[in-house]
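Remember, predicted model here, so these are calculated numbers, not experimental data. In what follows, chains are A, B, ... by sequence order, proteins preceding strands, each numbered from 1.
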2 protein chains.
Amino acid sequence: MTRAKKGRNLTHSIVETLGQSIAAGVYNDKPFPIEAKLCTQFSASRSVVREAVKMLTAKGLIGSRPRQGTWVQGERHWNFLDKDVLSWLLKSGFSYDLMIEFIEYRKAVEPEAAALAARNARPSDLEAIRVALVHMQIAEAGKADPLQSDINFHLAVLDASNNRFIIQNKELVQTVLQYAIKLTNKTKGVQTAELEAHQAIADAIFAGDPVRARAATLAILEEALSLIQEHRPKTSFSSAIS
Amino acid sequence: MTRAKKGRNLTHSIVETLGQSIAAGVYNDKPFPIEAKLCTQFSASRSVVREAVKMLTAKGLIGSRPRQGTWVQGERHWNFLDKDVLSWLLKSGFSYDLMIEFIEYRKAVEPEAAALAARNARPSDLEAIRVALVHMQIAEAGKADPLQSDINFHLAVLDASNNRFIIQNKELVQTVLQYAIKLTNKTKGVQTAELEAHQAIADAIFAGDPVRARAATLAILEEALSLIQEHRPKTSFSSAIS
DNA sequence: TTCATAGGAATTATATGATAATTAAACTAT
DNA sequence: ATAGTTTAATTATCATATAATTCCTATGAA
């Protein structure tokens with residue numbers, strides 16, 4: 001009898017538990033349970049279990065058919081751009097590959113977001129970026145959470161792009177970076193160099209200079225990427241650490 | 001009594017119908033119906049309606065609470081990076097803004113995808129790109145569907161990135177471009193210039209040259225963007241045509 | 001009046017049991 | 001062997017009942 005995680009309600013708890021199990025590959029070597037089995041496992045009614053299964057279906061994680069039962073879809077069907085799916089992947093254990101792929105993806109999205117921000121940001125967007133930067137300065141002085149202020153800056157830039165597809169990535173970036181904080185849990189302060197790099201992005205956006213905004217953002221992400229690649233084990237076997 | 005669309009089953013039909021209605025803004029000026037009302041509207045059981053609602057919840061379109069009922073979430077909660085949500089938005093009527101935002105997003109993702117492909121593509125990925133290019137050549141000669149071959153080329157490049165977050169965008173690109181075909185329905189052939197532009201991407205990827213691959217992809221998307229911006233009405237009022 | 005508290009009502013959440021539809025697998029007849 | 005038929009497993013749908021949540025209202029006290 002699997003104990004479902006606490007949550008808003010029973011359905012969501014089961015979604016969380018199953019989603020995480022699927023992401024962790026628990027059902028790679030055994031079939032996904034049928035409805036009736038899930039009911040006993042979670043001591044829940046069929047309604048609740050079916051609703052949970054449907055939510056996972058909506059995110060591409062599972063499929064189902066009469067007589068055939070319910071099964072875990074191939075990874076290529078999973079919606080990696082869904083914050084829940086992403087968080088389940090992260091919780092299932094650290095993976096250098098996943099982290100690197102995500103930074104590569106950020107290298108695509110965030111520089112362009114900054115460029116768009118330089119062209120499209122509204123006054124309120126600029127104000128939010130300015131505030132985020134001030135928070136980073138306060139953090140540099142040791143008087144605020146340095147990693148959270150870092151995250152908030154990136155979110156503010158994404159917001160300022162005023163592009164709904166790009167803004168959507170806020171949740172993904174937040175999910176991953178928040179996870180990274182928990183993982184490292186290092187109380188590193190904001191480095192002066194780092195602050196200057198972020199200042200450069202903000203300046204470019206304030207100046208309405210897309211090219212400079214793009215380049216400045218790219219620089220930060222290149223740095224992040226090479227940092228994690230340095231730490232990555234050489235052997236492709238141990239690329240995932242649970 | 002709303003007639004639900006045909007589909008795999010009743011639940012999915014209701015998801016389609018409601019998803020599209022929400023995207024079309026049908027509930028902007030009236031409250032979203034409560035469970036019981038939806039049951040009568042679709043002449044379906046509560047189980048089915050609730051499962052449909054849960055699937056829409058999983059995509060960020062709606063929320064629900066006891067006594068408070070069910071409501072349409074603000075657009076910022078919608079998962080724009082979900083292919084169903086995107087297709088519902090498209091079906092709800094052409095919007096220059098949405099199209100432009102999507103091309104801007106492609107400008108972020110696809111050049112980087114090409115760059116990654118130049119570095120990470122496996123032999124089978126390269127073969128797929130080669131085949132896609134050949135199909136475009138056949139289309140240029142008028143012996144294959146030109147727009148479909150164009151789409152397939154872009155999908156092959158995304159695939160070749162070998163980055164799961166970027167590969168996910170295949171479904172989005174496919175959804176939008178397929179929709180664009182239906183919309184324009186123009187039997188335009190593959191222009192020689194266009195073919196050469198795609199050839200340039202493939203060459204760069206084959207040569208393992210990320211910088212050139214990125215630039216060549218960007219060129220095509222810049223072209224697409226300026227093309228649609230030319231056609232866009234100047235007044236921000238008529239930015240959406242139903 | 002104003003505030004807190006309790007009660008009532010609306011709606012979703014959960015449980016249970018029954019029937020229908022789908023389809024893979026087993027069976028049968030040729 | 002092969003085509004067609006039956007059977008059985010599982011999800012899909014329906015119906016109904018009860019519980020939990022929370023907004024709203026009524027009540028009463030300061």
Inset, instruction - Using only side-chain N and O atoms of B:T11, determine if any of them is under 4.0 Å from OP1 or OP2 of D:dA12. - result: no

Inset, instruction - For A:L10 and C:dA15, give me the distance from atom CG to atom C1', rounded to whole Å. - result: 11 Å

Inset, instruction - Could you tell me the separation between the CD1 atom of A:I34 and the P atom of D:dA9, rounded to a whole number of Å? - result: 10 Å

Inset, instruction - Would you please confirm or rule out a distance under 4.0 Å between OP1 or OP2 of D:dA12 and any side-chain N or O of A:S64? - result: yes

Inset, instruction - Take B:G69 and A:V48, find for each the nucleotide of DNA chain C with the closest heavy atom, and name the residue whose nucleotide sits nearer the 5' end. - result: B:G69

Legend entry - C:dA13 phosphate, OP1 or OP2, under 4.0 Å from B:K54 side-chain N/O: yes

Inset, instruction - Would you tell me if any nitrogen or oxygen in the side chain of A:S47 comes within less than 4.0 Å of OP1 or OP2 on C:dT16? - result: no

Legend entry - Length of the CD-C1' vector between B:E51 and C:dA13, whole Å: 14 Å

Legend entry - Contact nearer the 5' end of DNA chain D, comparing A:R46 with A:R67: A:R67

Legend entry - Axial bend angle, the helix from C:dT1-D:dA30 to C:dT30-D:dA1: five-pair end segments, nearest 10°: 0°

Inset, instruction - Please determine if a side-chain N or O atom of A:T70 lies less than 4.0 Å away from the OP1 or OP2 oxygen of D:dT10. - result: no

Legend entry - Length of the CZ-C1' vector between A:R65 and D:dT10, whole Å: 13 Å

Legend entry - Atom-pair distance (CZ on A:F32; C1' on D:dT11), nearest Å: 13 Å

Inset, instruction - Grab the CZ-C1' distance between A:R50 and D:dA15 for me, whole Å please. - result: 15 Å

Inset, instruction - May I ask you to decide if the ring planes of A:Y105 and B:F165 are parallel, tilted or perpendicular, using 30° and 60° as cut-offs? - result: parallel

Inset, instruction - Among the candidates C:dT14, D:dT13, C:dT11, find the nucleotide nearest to the side-chain atoms of B:N9. - result: D:dT13

Inset, instruction - Could you grab the distance from atom CG of B:N120 to atom CD1 of B:I205, nearest 0.5 Å is fine? - result: 11.0 Å

Inset, instruction - Ignoring backbone atoms, test whether A:S45 places a side-chain nitrogen or oxygen under 4.0 Å from the OP1 or OP2 oxygen of C:dA15. - result: yes

Legend entry - Whole-Å distance separating the CZ atom of B:F42 from the P atom of D:dT13: 13 Å

Legend entry - side-chain N/O A:Q68 vs C:dA24 OP1/OP2, d < 4.0 Å: yes

Legend entry - Residue B:E35, side-chain heavy atoms: nucleotide from C:dA13, D:dT13, D:dC14 that is nearest: C:dA13

Acceptor/donor pairs from residues 46-61 of chain A side chains to any protein atom, 3.5 angstrom cut, sequence neighbours excluded:
from	atom 1	to	atom 2	distance (Å)
A:R50	NE	B:E51	OE2	2.9
A:R50	NH1	A:E35	OE2	2.5
A:R50	NH2	B:E51	OE1	3.1
A:E51	OE1	B:R50	NH2	3.1
A:E51	OE2	B:R50	NE	2.9
A:T57	OG1	A:V53	O	2.8
A:K59	NZ	A:D82	OD1	3.2
A:K59	NZ	A:D82	OD2	2.8
A:K59	NZ	A:D84	OD2	3.0
A:K59	NZ	B:A58	O	2.9

Inset, instruction - Using atom types as modelled and distance alone, determine if a side-chain donor or acceptor of B:D159 lies under 3.5 Å from a backbone N or O of B:A156. - result: no

Inset, instruction - Quick one: sort the B:F94 and B:Y179 rings into parallel, tilted or perpendicular, breaks at 30° and 60°. - result: parallel

Legend entry - salt bridge (charged side-chain N to carboxylate O under 4.0 Å, His left out) assessment of A:E104 paired with A:K107: CA-CA 5 Å; A:E104 283 172 348; A:K107 272 184 60 184; over 6 Å; no

Inset, instruction - Check the surroundings of atom NZ in B:K91: do more than 12 heavy atoms from other residues, nucleotides or ligands lie under 6.0 Å from it? - result: yes

Inset, instruction - Measure from the side-chain N and O atoms of B:N162 to the backbone N and O of B:A160, and report whether any donor-acceptor pair falls under 3.5 Å. - result: yes

Inset, instruction - Would you mind classifying the nucleic acid contact of A:K37 as base, sugar-phosphate or nothing, using non-hydrogen atoms under 4.0 angstrom? - result: nothing

Legend entry - Rounded interatomic separation in angstrom, taking CD1 from B:I14 and C1' from D:dT13: 10 Å

